[in-house]
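Working notes for the structure below.
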Amino acid sequence: MCGLAGFLDHSGLSTGEARQRVGSMTDTLTHRGPDAGGSWVDGPVALGHRRLSILDLSASGAQPMHSADGRFVIVFNGEIYNHLDLRQELEASGLAPAWRGHSDTETLLAAIGPWGVAEALKRCSGMFAFALWDRREDCLVLARDRIGEKPLYWGWAGDALVFGSELKALRAHPAASAEICRGALAQYLRFGYVPSPRSIYKGIYKLEPGSVLVVDGSAPVSPPATPIRPGERYENISLERYWSLNAEIETGASHRIVDEGAAIDELERLIGEAAERQMISDVPLGAFLSGGVDSSTVVALMQSRSAHPVKTFTIGFDVPDFDESAHAAAVANHLGTDHHELRVSEADAQAVIPNLPFLYDEPFADSSQIPTHFVCRAAREHVTVALSGDAGDELFGGYNRYVWGPGIWERASAVPKPIRTTLARAASSMPIKLWDDVGTAYRRAAGRKGDVLQFGGKAHRVASSLCDAGTIDDFYGNIVSQWMAPLDLVPGLTDEPKGPLGDELPDAGADDPAARMMLQDMRSYLPDDILCKVDRAAMGISLETRVPFLDPNILRFSARLPARMKVRAGSSKWILRQVLYRHVPKDLIERPKAGFAMPMGLWLRGPLREWADSLLAPEKLARDDLLDPGPIRRIWQDHLSGRRDASAKIWVILMLQAWREAWT
């Protein structure tokens with residue numbers, strides 16, 4: 001795992017000036033690659049790299065790396081798990097060079113020569129982002145993996161086109177602008193993260209997953225009015241997809257799996273093979289284990305293919321309602337892993353908060369970023385690589401909205417909208433505690449173990465999501481929104497950009513409401529929240545993370561599964577549970593889904609109140625005419641009164657304000 005940065009600048013910089021600039025950009029990424037660094041300058045192009053050595057620890061794996069024929073120079077971040085298979089294919093066809101080492105970067109360079117960038121990437125199973133300079137064609141190529149495990153930003157700094165693994169690298173360019181993109185701000189207020197292709201800065205973008213950007217010759221001197229989307233061209237910049245989620249979904253819909261027993265067998269095999277491929281490393285390796293379905297499945301299949309106990313890591317939290325460490329320990333004991341637990345106090349967790357703006361570079365408000373940081377810290381004390389269970393929810397139907405959302409919408413949509421709105425507002429006015437009591441009573445009466453925790457907050461969210469929804473897609477959009485009317489908070493902004501969530505859905509394969517929600521989450525929430533959260537938390541302490549569920553074979557398999565094999569009879573991840581129950585007793589797994597929650601509502605009324613009050617001062621909110629303090633202050637007072645838990649909305653604003661104080 002590594003960090004990369006660079007630029008394309010035709011202003012006539014001297015070689016010394018270019019080296020100094022790219023060196024300054026790359027130095028900001030030392031946490032992503034503490035083992036070594038390097039740079040390369042040739043005329044208008046400069047490439048910089050920081051290395052975290054995972055495969056081929058020798059000098060032959062150093063970057064920037066040149067192809068054997070000297071045509072290509074690359075800086076690469078990530079891992080290609082099937083690179084040895086690609087080497088064999090190149091050798092069998094007589095296309096392999098004389099190998100200098102055994103790194104996957106060298107394999108990729110060798111594959112790009114005869115196959116081209118797009119075809120080489122279609123054959124790769126891995127996570128990656130890279131910048132490639134083609135010396136023969138005089139062009140720059142930027143590319144990113146299928147789902148977006150590895151980050152890559154690009155855009156303009158003065159007349160230069162700049163790129164890098166994190167925004168801090170682009171900010172280090174002396175011509176970088178810090179102008180905030182108000183469209184991105186509105187999206188951030190809605191979702192709690194900035195969705196691709198925008199970043200928080202005007203003129204700086206995230207390269208969309210599964211795409212390749214090519215700059216022929218000199219770069220345009222100014223950015224386009226709106227972000228370039230795949231399939232579009234701006235002057236001499238083109239952006240194309242080499243992999244399409246829609247196409248994968250449609251292909252899967254035409255090859256549906258019908259045999260449930262065979263499907264369970266096949267999924268077990270695919271996850272085991274993916275885990276085995278991702279366990280290849282020249283440095284110590286382990287896995288995160290929360291005791292939930294996803295991480296337990298990954299660890300179980302890792303352990304089944306390992307001759308030694310797998311190192312597993314979890315955190316224990318001193319607030320009992322938010323502590324799942326006992327569940328993780330029980331699963332670890334059953335599987336026989338070498339288990340490690342880091343105990344975290346409330347004071348420890350709160351002490352991390354001031355560092356979040358520096359870790360995440362742009363406003364980011366998923367409060368599970370805090371425990372994610374600690375579990376990464378626990379792992380880094382023992383290993384350099386950790387596998388995770390991320391993406392299991394999106395691929396196999398794990399979120400509560402997939403289970404309950406379609407049924408709620410079916411019933412609610414039959415009620416005339418004025419009546420529905422009145423009822424929804426009445427439900428929203430009920431105190432959180434009363435809703436929690438209702439949920440507890442229902443679970444006890446029904447004898448259910450796997451129902452929803454924090455029922456009151458979720459009831460409020462569902463009720464408010466129903467008010468103005470006209471379709472199931474509107475309902476979904478409201479459910480995943482923190483501020484449902486972000487334009488009310490941003491003075492002067494009249495239009496909110498859509499991004500990938502506004503793209504057309506596939507013609508087939510997304511006709512089921514739950515399937516539609518999963519697809520939309522894979523387009524935005526997974527890459528821009530979940531994967532971003534884990535990448536920054538891990539790379540901030542030089543830990544590489546790997547995600548077996550995002551293996552291309554598992555993505556393809558998931559697309560072939562009918563919705564009933566994912567969500568069934570009020571249960572999430574049905575097929576994944578069937579695989580796990582072959583390795584772990586059911587009673588160790590079945591419990592309410594909690595996730596990595598934090599008691600943020602209580603903290604904001606207690607130990608974090610002074611910090612929050614300072615950031616939410618009206619004059620700070622209104623600085624630069626960026627926010628309207630009125631709606632925010634009303635929600636803050638409502639939260640402090642205890643009438644409702646508005647901590648998710650408030651956390652979005654607090655993370656924005658903390659970021660503004662740190663970076664603007």
Side-chain angles (χ1 to χ4, degrees), residues 5-9 11 21 24-25 28 142 151-208 213 215 219-229 234-235 237 239 356-365 483 486-499 528 532 536 615 619-629 632 652-664:
F7 56 80
L8 186 60
D9 186 344
S11 66
R21 287 189 182 181
S24 296
M25 295 171 71
T28 67
L142 305 179
L152 187 56
Y153 293 87
W154 71 281
W156 278 262
D159 292 343
L161 188 144
V162 292
F163 50 88
S165 297
E166 296 181 15
L167 280 173
K168 57 176 63 72
L170 279 64
R171 271 195 299 258
H173 190 283
S177 170
E179 182 179 357
I180 291 176
C181 172
R182 287 179 175 254
L185 174 61
Q187 289 187 297
Y188 166 75
L189 293 170
R190 178 177 292 281
F191 299 115
Y193 59 88
V194 179
S196 300
R198 284 174 169 79
S199 82
I200 194 62
Y201 293 121
K202 190 174 182 179
I204 301 294
Y205 311 110
K206 299 179 178 81
L207 185 63
E208 292 189 46
L213 182 142
V215 185
V221 296
S222 60
T226 58
I228 308 169
R229 298 297 312 283
Y234 173 67
E235 296 188 18
I237 298 178
L239 182 60
L356 295 177
F358 300 97
L359 191 63
Y360 284 89
D361 256 354
E362 62 181 347
F364 186 81
W483 291 85
L487 297 183
D488 293 347
L489 276 64
V490 186
L493 189 66
T494 58
D495 185 43
E496 181 185 347
K498 293 291 186 183
D528 293 323
C532 171
R536 302 308 192 279
L615 289 175
E619 63 274 14
K620 288 187 177 181
L621 291 170
R623 180 165 63 95
D624 302 327
D625 196 32
L626 199 65
L627 295 171
D628 180 353
I632 298 168
V652 168
I653 304 298
L654 290 171
M655 285 294 94
L656 172 64
Q657 292 295 90
W659 175 83
R660 292 174 74 191
E661 291 206 341
W663 290 109
T664 63

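Sequence positions, counted from 1, serve as the residue numbers for this chain.
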For [X] and [Y], which heavy atoms make the closest approach, and how far apart are they?
X: Arg536; Y: Ser165; value: NH2-O, 4.5 Å
X: Tyr205; Y: Pro227; value: CE2-CG, 3.8 Å
X: Arg171; Y: Asp361; value: NH2-OD1, 2.7 Å
X: Ala365; Y: Tyr188; value: CB-OH, 3.5 Å
X: Cys181; Y: Ser199; value: CB-O, 4.0 Å

Side-chain donor/acceptor of [X] to backbone N/O of [Y], under 3.5 Å:
X: Asp628; Y: Pro491; answer: no
X: Arg660; Y: Arg623; answer: yes
X: Glu208; Y: Pro197; answer: no

Check: Gln187/Arg190 side-chain N/O donor and acceptor closer than 3.5 Å =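 No, no side-chain donor-acceptor pair sits under 3.5 Å.
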Is it the case that Glu362 and Tyr153 place a side-chain donor and acceptor less than 3.5 Å from each other?
->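 Judged by distance alone, the side chains do pair up.
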Identify the residue among Leu189, Asp625, Leu626 that makes a side-chain contact (heavy atoms from CB on, under 4.5 Å) with Val490.
->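 Checked Leu189, Asp625, Leu626 against Val490; only one passes side-chain contact (heavy atoms from CB on, under 4.5 Å): Leu189.
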Residue Lys620 excluded, over 12 heavy atoms near NZ under 6.0 Å =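 Counting other residues, nucleotides and ligands, NZ of Lys620 exceeds 12 neighbours.
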Please tell me if the side chains of [X] and [Y] come closer than 4.5 Å, counting only heavy atoms from C-beta onward.
X: Met655; Y: Leu356; result: yes
X: Pro629; Y: Glu619; result: no
X: Trp483; Y: Leu489; result: yes
X: Leu161; Y: Ile237; result: yes
X: Asp495; Y: Leu487; result: no
X: Trp154; Y: Ile228; result: yes
X: Pro224; Y: Trp156; result: yes
X: Leu656; Y: Leu627; result: yes

Pair Arg229-Leu239, side chain to side chain contact (heavy atoms under 4.5 Å, CB included): steps then yes or no | CA-CA 7 Å; Arg229 298 297 312 283; Leu239 182 60; 5.5 Å; no
Cationic N near anionic O, under 4.0 Å, Lys206 to Asp528 |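 Result for this pair is no, no salt bridge flagged.
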Could you walk me through whether Lys202 and Ile180 pass side chain to side chain contact (heavy atoms under 4.5 Å, CB included), step by step?
-> CA-CA 6 Å; Lys202 190 174 182 179; Ile180 291 176; over 6 Å; no
Do the two ring centres, one from Trp659 and one from Tyr201, sit under 6.0 Å apart?
->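 Yes: the rings meet the under 6.0 Å criterion.
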